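Working notes, beginning with the structure itself.
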2 protein chains.
Amino acid sequence: MSREFRRAMPLLPISMVMQLTELTARQIRYYEEHKLIEPARSEGNRRMFSLDDVDALLEIRELLDQGINMAGIKKVFDMRKNNNVKSSNKLSISDAELRAILREEMQQAQIMQKASLRQGDLSRFFQVKGE
Amino acid sequence: MSREFRRAMPLLPISMVMQLTELTARQIRYYEEHKLIEPARSEGNRRMFSLDDVDALLEIRELLDQGINMAGIKKVFDMRKNNNVKSSNKLSISDAELRAILREEMQQAQIMQKASLRQGDLSRFFQVKGE
DNA sequence: TTCATATGTTATTTTTTCTAACATAGTATT
DNA sequence: AATACTATGTTAGAAAAAATAACATATGAA
């Protein structure tokens, strides 16, 4: 519950999302225009993205690679959403599920790592801090 | 390892950190000036903060509340750093530790939730999405 | 060919962030 | 009390990031 909250929290500016996803601002805005994502807005009207948004964008990229168009991707997303609604009738999580969640988390972390390596760009943001 | 990576990844602009920590930009920059945090910089010289930075800032706030000054906080942080170096000689994590990590994660999530509730401000970023 | 889709490019405006300087309330020191 | 220091506020001006909107275009479908 709190984990989902955090993943849904809109924290990232578009510049970061561009780097994490290797998409241009134009592309990201275009996908929003087509309702594939709906990033939040700051007071000053800046788009603020969540990790969920980043996930979605990464998937959009893949699906586009597979030749699927906006409408198709929208369909895919909608189907998944329905699925989640149906299967989210569990109130507490078991011990085993705990592990599953952790596994999923690590996967997510991997995705980000990959993103940064793929473009070899994020490294610029890591300064060498003394000790 | 990948979890740590993600928590150390500088993704957030100062505006978001201000909201998460309830600190002013002036305060955040001042703490940086005193080396309590060392946020990364974007190409355009923007400060980019990691979740670790947010953690640190939340703690700085607490310590200041307790009447501790910059030098004192620096000391506290340095001590902890040394401790971590000494105790980080484990290469793989046990089953039990897995739980500990998860617990810590949830705590972190809670902090963020608290931050948003305390200021009742982040809610503005959550749009009501259909469904 | 003509049309539609996904994306590039450019111009203009607004918002955000930066640095730097000066101001000040509260503490501590002399 | 007078002075100095600390943490923070405030302001100004410059630079960077991001928004919208319009027009351009390559590719593939009809």
Side-chain angles (χ1 to χ4, degrees), chain A residues 10-50 53-54 56-77 121-122 124-125 127, chain B residues 10-50 53-54 56-77 121-122 124-125 127:
Chain A
L11 298 169
L12 322 189
I14 199 169
S15 53
M16 278 301 140
V17 177
M18 289 170 66
Q19 295 187 67
L20 290 172
T21 62
E22 287 184 295
L23 293 167
T24 65
R26 182 65 164 93
Q27 287 175 300
I28 295 171
R29 296 192 191 111
Y30 186 71
Y31 304 152
E32 180 191 24
E33 203 178 318
H34 285 263
K35 303 285 175 60
L36 297 184
I37 54 171
E38 302 186 58
R41 294 295 182 120
S42 77
E43 289 179 281
N45 199 34
R46 250 76 192 175
R47 271 170 264 256
M48 300 303 309
F49 299 79
S50 67
D53 290 327
V54 173
L57 288 169
L58 287 173
E59 188 166 8
I60 290 169
R61 227 184 40 169
E62 272 187 35
L63 296 177
L64 279 174
D65 266 1
Q66 294 169 32
I68 303 170
N69 65 7
M70 294 294 114
I73 298 175
K74 188 83 194 300
K75 189 74 181 178
V76 170
F77 281 12
D121 228 347
L122 273 178
R124 138 170 47 91
F125 288 108
Q127 301 174 337
Chain B
L11 298 169
L12 322 189
I14 199 170
S15 53
M16 279 302 141
V17 177
M18 290 170 66
Q19 295 188 67
L20 290 172
T21 62
E22 286 183 296
L23 293 168
T24 65
R26 182 67 164 93
Q27 287 176 300
I28 295 171
R29 296 192 192 113
Y30 185 71
Y31 305 150
E32 180 191 26
E33 203 178 318
H34 286 263
K35 302 288 175 58
L36 297 184
I37 53 171
E38 302 186 58
R41 294 295 181 119
S42 75
E43 290 179 282
N45 199 33
R46 249 77 190 177
R47 271 170 266 256
M48 300 304 311
F49 299 79
S50 67
D53 290 327
V54 173
L57 287 169
L58 287 173
E59 189 167 5
I60 290 170
R61 227 184 41 168
E62 272 187 35
L63 296 177
L64 278 174
D65 266 1
Q66 294 168 32
I68 303 171
N69 64 7
M70 294 293 114
I73 298 174
K74 188 85 193 300
K75 190 73 181 177
V76 169
F77 282 12
D121 229 346
L122 273 179
R124 137 171 49 90
F125 289 107
Q127 302 173 335

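Atom set for the values below is all heavy atoms of this structure, side chains included, hydrogens, waters and symmetry mates excluded. Just so it is clear, the model here is predicted, and its values are computed rather than measured.
A/D65 contributes no side-chain N or O that, together with a main-chain N or O of A/E62, makes up a donor-acceptor pair within less than 3.5 Å. At least one donor-acceptor pair under 3.5 Å links the side chain of B/R61 to the backbone N or O of B/T21.
For the OP1/OP2 pair of C/dT16 and a distance below 4.0 Å, the side-chain nitrogens and oxygens of A/S42 include at least one atom meeting the criterion. A close approach under 4.0 Å does occur between a side-chain nitrogen or oxygen of B/R29 and OP1 or OP2 of C/dC18. Between B/Y30 and the phosphate of D/dT6, there is no side-chain N or O to OP1/OP2 separation shorter than 4.0 Å.
Side-chain atoms of B/R47 stay outside donor-acceptor range of the base of C/dT17, with no qualifying N/O pair under 3.5 Å.
Partner of B/L11 under the side chain to side chain contact (heavy atoms under 4.5 Å, CB included) criterion, chosen from A/V17, A/L20, A/L11: A/L20.
Within the 4.5 Å cutoff, no side-chain heavy atoms of A/D53 are placed close to those of A/E38. A/M48 places none of its side-chain heavy atoms less than 4.5 Å from the side chain of A/R41.
What separates CZ of B/R46 from P of C/dC18 is a distance of 6 Å, to the nearest Å. Summarising the geometry, the separation between CD1 on B/I28 and P on C/dT16 is reported as 15 Å, rounded to the nearest angstrom. Atom pair A/M48:CE and D/dA18:P shows a separation of 9 Å (rounding to whole Å applied). Spacing between atom CZ of B/R26 and atom P of C/dT16 amounts to 21 Å, rounded to whole angstrom units. The separation between B/I14 atom CD1 and D/dA17 atom P is 15 Å, rounded to whole Å. B/L23 places its CG atom 14 Å from the P atom of D/dA7, with the value rounded to the nearest Å. One atom, CG of B/N45, and another, P of D/dA14, lie 17 Å apart when rounded to the nearest Å. Rounding to whole angstrom units, CD1 of residue B/I60 and P of D/dT6 are separated by 17 Å.
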Which pairs, protein N/O on one side and nucleotides 26-30 of chain C N/O on the other, fall under 3.5 Å?
none

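If A/G44 and A/M70 are placed on DNA chain C by their nearest nucleotide, the residue sitting closer to the 5' end is A/M70.
Shown here for B/K74 and B/H34, the closest heavy-atom pair between the two residues is CD-O, 3.7 Å.
Residue B/E32 holds its CD atom at 9.0 Å from CZ of B/R29, rounded to the nearest 0.5 Å.
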